[in-house]
Amino acid sequence: MSVSSGKAGGISSIIYRVPTLEDGVGIYSLVQNSKPLDLNSLYSYLLLTAHHGDTCIVAELEGGVVGYVSAYVHPKKHDTLFVWQVAVSERVRKQGVGLSMLTGILKRPGFQSVRWLETTVSPSNTGSARLFHSLARKLNTSCHTSVYFSRDLFEGQSHEEEVLFRIGPFSMY
Ligand SMILES: CC(C)(COP(=O)(O)OP(=O)(O)OC[C@H]1O[C@@H](n2cnc3c(N)ncnc32)[C@H](O)[C@@H]1OP(=O)(O)O)[C@@H](O)C(=O)NCCC(=O)NCCS
């Protein structure tokens with residue numbers, strides 16, 4: 001699948017592009033500073049970049065990673081992009097970077113068959129919920145929610161349930 005990069009969004013000097021392996025440490029550090037996200041291993045971010053880079057995106061400002069979305073095409077639903085993590089550096093939040101990254105992936109060549117987007121959101125993460133409701137509005141489509149991973153599945157960890165947001169159908173073309 002070919003990919004695109006370019007400038008977009010609320011801050012004109014931000015570059016949106018496919019992540020490279022050299023972004024791994026910057027991605028790890030961004031997620032580490034983006035509470036309440038779960039921090040995964042650096043290895044997992046490198047693996048996601050190596051295997052699913054075409055469906056992930058970074059926002060770069062002044063040579064540093066200020067935004068990151070990890071995502072992949074659902075292995076059982078080929079018309080659905082599953083978004084795993086979205087992180088935006090505090091210094092550029094609420095300026096459209098999160099929305100620009102999500103739409104940036106969906107606009108890439110090769111995504112014609114993707115008509116749905118799924119993600120999970122913790123009930124207390126209002127910023128995340130607002131981001132995805134805003135995306136549904138922008139795509140002129142609906143957002144259906146249902147519990148995906150109930151709290152008891154996280155036994156022994158202080159983790160909220162994860163609610164599935166299913167957005168669509170939509171067409172970017
Ligand atoms: C959630 C997060 C990714 C949003 O990124 P962002 O670049 O600030 O989002 P945007 O500027 O594109 O905003 C999109 C919409 O969400 C709203 N929004 C974003 N953050 C919000 C917050 N903390 N509280 C309320 N609304 C918020 C914006 O107002 C905007 O709404 P609108 O389109 O109706 O005006 C960012 O705050 C973040 O990294 N948080 C920490 C990590 C996290 O929780 N990630 C999400 C879980 S996967």
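Bear in mind that the values here come from a model prediction, so they are computed numbers and not experimental data. Each ligand, and each atom within it, is numbered from 1 in the order the structure gives.
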Identity and separation of the nearest protein heavy atom to [atom]:
| atom | value |
| --- | --- |
| atom 37 (O) of ligand 1 | Arg93 CD, 3.3 Å |
| atom 20 (N) of ligand 1 | Lys94 CE, 3.8 Å |
| atom 11 (O) of ligand 1 | Gly96 N, 2.8 Å |
| atom 44 (O) of ligand 1 | Asn125 ND2, 2.7 Å |
| atom 14 (C) of ligand 1 | Leu131 CD1, 3.7 Å |
| atom 39 (O) of ligand 1 | Val88 N, 2.8 Å |
| atom 33 (O) of ligand 1 | Ser134 OG, 2.6 Å |

Measure up the Tyr28 and Tyr45 rings against each other and bin them: parallel (under 30°), tilted (30 to 60°), perpendicular (over 60°).
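The rings of Tyr28 and Tyr45 stand perpendicular, inter-plane angle above 60°.
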Ring centers of His133, Phe165 separated by less than 6.0 Å
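Distance test on ring centres: under 6.0 Å, yes.
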Would you say the side chain of [Y] lies within less than 4.5 Å of the side chain of [X], judging by non-hydrogen atoms?
| X | Y | answer |
| --- | --- | --- |
| Arg17 | Asp23 | yes |
| Phe132 | Leu117 | yes |
| Val73 | Thr80 | no |

Out of Met101, Arg130, Lys35, Gln85, whose heavy atom sits nearest atom 25 (C) of ligand 1?
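Nearest option to atom 25 (C) of ligand 1, by heavy atoms: Arg130.
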Heavy atoms only: which of Leu102, Leu135, Val86 is nearest to atom 43 (C) of ligand 1?
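Of the listed residues, Val86 has the closest heavy atom.
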Tell me whether [atom] lies less than 4.0 Å from at least one protein heavy-atom position.
| atom | result |
| --- | --- |
| atom 2 (C) of ligand 1 | no |
| atom 28 (C) of ligand 1 | no |
| atom 23 (N) of ligand 1 | yes |

Is it the case that His159 and Asp38 place a side-chain donor and acceptor less than 3.5 Å from each other?
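Per modelled atom types, His159 and Asp38 side chains form a pair under 3.5 Å.
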Heavy atom of Thr126, distance to ligand 1 below 4.0 Å:
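The answer is no, since Thr126 has no heavy atom less than 4.0 Å from ligand 1.
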For Lys138, state whether at least one heavy atom is located under 4.0 Å from any atom of ligand 1.
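Distance cut 4.0 Å: Lys138 fails for ligand 1.
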Using a 4.0 Å heavy-atom cut-off, say whether Arg137 meets ligand 1 through its side chain, its backbone, both or neither.
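Side chain only; the backbone of Arg137 stays clear of ligand 1.
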Heavy-atom contacts under 4.0 Å between Leu37 and ligand 1: side chain, backbone, both, or neither?
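The part of Leu37 near ligand 1 is the side chain, not the backbone.
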Quick one: which of Ser44, Ser70, Pro19 gives a side chain to side chain contact (heavy atoms under 4.5 Å, CB included) with Thr49?
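Of Ser44, Ser70, Pro19, side chain to side chain contact (heavy atoms under 4.5 Å, CB included) with Thr49 is met by Pro19 alone.
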Is the side chain of Arg108 donor-acceptor paired with the backbone N or O of Asp54 at a distance under 3.5 Å, no angle test?
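Confirmed, Arg108 side chain pairs with Asp54 backbone.
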Does one hydrophobic cluster hold both Ile57 and Leu131, with members joined at side-chain heavy-atom distances below 4.5 Å?
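Linked within one cluster.
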Using a strict threshold of under 4.0 Å (side-chain N to carboxylate O), is an ion pair present between Glu160 and Arg151?
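A salt bridge is absent here (no side-chain N lies under 4.0 Å from a carboxylate O).
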